[in-house]
Amino acid sequence: MNQKHYSIAVDGPSGAGKSSLSKKISAAYHFVYLDTGAIYRTVGLAAGRAGIDRRSEQDLAAILPDLKIEIRYDNAGLQRMILNGEDVSEAIRMPEISLYASDVSALPVCRAYLLEMQRRFAREYNVILDGRDIGTVVLPDADLKIYLTASSDARAKRRLKELLEKGVDTTFDEVLKDIELRDFQDTTREIAPLRQAEDAVLVDTSELDFDQSFEVLCSVIEENLPVRRESEA
Ligand code: DC
């Protein structure tokens, strides 16, 4: 049986709202959502725990064969990341892991290791994947590509709010610095740098709140794919 599956690729810098919006889209259209950043974060966490040089191709290659990374979905449909049997879904959200993930994600050995895992998803389900290189590398033939962005100030404000709500002790300046450093690393790395695919629809959410951003994305989806939104429960 060769059933057509639809794939939506959402790329953009950190803090543009990719994950929260993609999650809501996946529920509204019954797509499976894959947060690919969470997979890179899991590798970043493992590298941090192993105490290796996170920018060394050789060091990372040495630990990869021993990592068992699993993606599961809980009863609420939320993605959980399992590293060698341990649920690390919360641990990978710590601020230092963002940078570790950005470090390891620049290594070809890391990207090659995770590529097939991401593509397999798209073959099996109607999917929405978010990340940095989904439209350019992972799913170059995605049915719809969206490049979601916002100014670094707007992104830092949102990320600060999220972190403070989680009880993480940080400041606007620290968050902005982290975002700008990651933008720099993610856009200037040699392999699969963050950039807008030529055929991606650009959505800038700097001036939009969450609900407005969601509505814009729904319009883009319904203009481009033969899918309709489930009425909300
Ligand atoms: O989306 P995020 O902040 O959870 O991603 C963490 C890091 O992982 C990000 O700085 C870059 C990297 N990443 C990547 O290189 N490619 C992806 N498809 C997703 C994330």
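Order of appearance sets the numbers: ligands from 1, and atoms from 1 within every ligand.
No N or O atom of Lys18 sits closer than 3.5 Å to an N or O atom of ligand 1. For ligand 1, the polar-atom distance check finds an N/O of Arg189 within less than 3.5 Å of one of the ligand's N/O atoms. Residue Thr36 has at least one N or O atom closer than 3.5 Å to an N or O atom of ligand 1.
Using a 4.0 Å cut-off between charged side-chain N and carboxylate O, Glu162 and Arg159 make a salt bridge. A salt bridge is absent between Asp11 and Lys18; no separation between the charged side-chain nitrogens and carboxylate oxygens falls under 4.0 Å.
No continuous path of ILVMFWY side-chain contacts below 4.5 Å connects Tyr33 to Ile82, so the two sit in separate hydrophobic clusters.
Scanning all heavy atoms of the two residues, the minimum distance from Arg155 to Ala16 falls at CD-N, 3.7 Å.
Geometrically, Lys24 engages Phe214 in a cation-pi contact defined by less than 6.0 Å to the ring centre and at most 45° from the axis.
Taken to the nearest 0.5 Å, the OG atom of Ser102 stands 7.5 Å off from the CZ atom of Arg132. Distance check, rounded to the nearest 0.5 Å: CG of Asp130 to CG of Asp35 gives 5.0 Å.
Arg111 NH2, 3.0 Å is the protein heavy atom nearest to atom 16 (N) of ligand 1. For atom 4 (O) of ligand 1, the nearest protein heavy atom (residue, atom name, distance) is Arg41 NE, 2.6 Å. Nearest to atom 6 (C) of ligand 1 among the protein's heavy atoms is Arg182 NH1, 3.5 Å. In terms of protein heavy atoms, atom 8 (O) of ligand 1 is closest to Tyr40 CB, 3.5 Å. From the protein, the heavy atom lying nearest to atom 10 (O) of ligand 1 is Asp186 OD2, 2.9 Å. For atom 1 (O) of ligand 1, the nearest protein heavy atom (residue, atom name, distance) is Arg132 NH1, 2.9 Å. Protein heavy atom in closest approach to atom 7 (C) of ligand 1: Ala101 CB, 3.7 Å.
Residue contacts with ligand 1 for Arg159 are absent, since no atom lies close enough (heavy atoms, distance under 4.0 Å). Under 4.0 Å from ligand 1, not a single heavy atom of Gln185 appears.
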Does Leu114 form a side-chain contact (heavy atoms from CB on, under 4.5 Å) with Tyr40? I'd like the steps, not just the answer.
CA-CA 8 Å; Leu114 299 182; Tyr40 286 94; 3.6 Å; yes

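Ligand-side atoms of ligand 1 in range of Gly131: 17 (C), 18 (N), 19 (C), range being under 4.0 angstrom from any heavy atom. Ligand-side atoms of ligand 1 in range of Ser105: 11 (C), 12 (C), 15 (O), range being under 4.0 angstrom from any heavy atom.
Between Tyr29 and Phe31, the two ring planes are perpendicular [angle over 60°; tilted spans 30° to 60°].
With distances taken over non-hydrogen atoms, the option nearest atom 20 (C) of ligand 1 out of Gly37, Ala9, Ser14 is Gly37.
Few gaps surround CZ on Phe210; more than 12 heavy atoms of other groups in view lie less than 6.0 Å from it.
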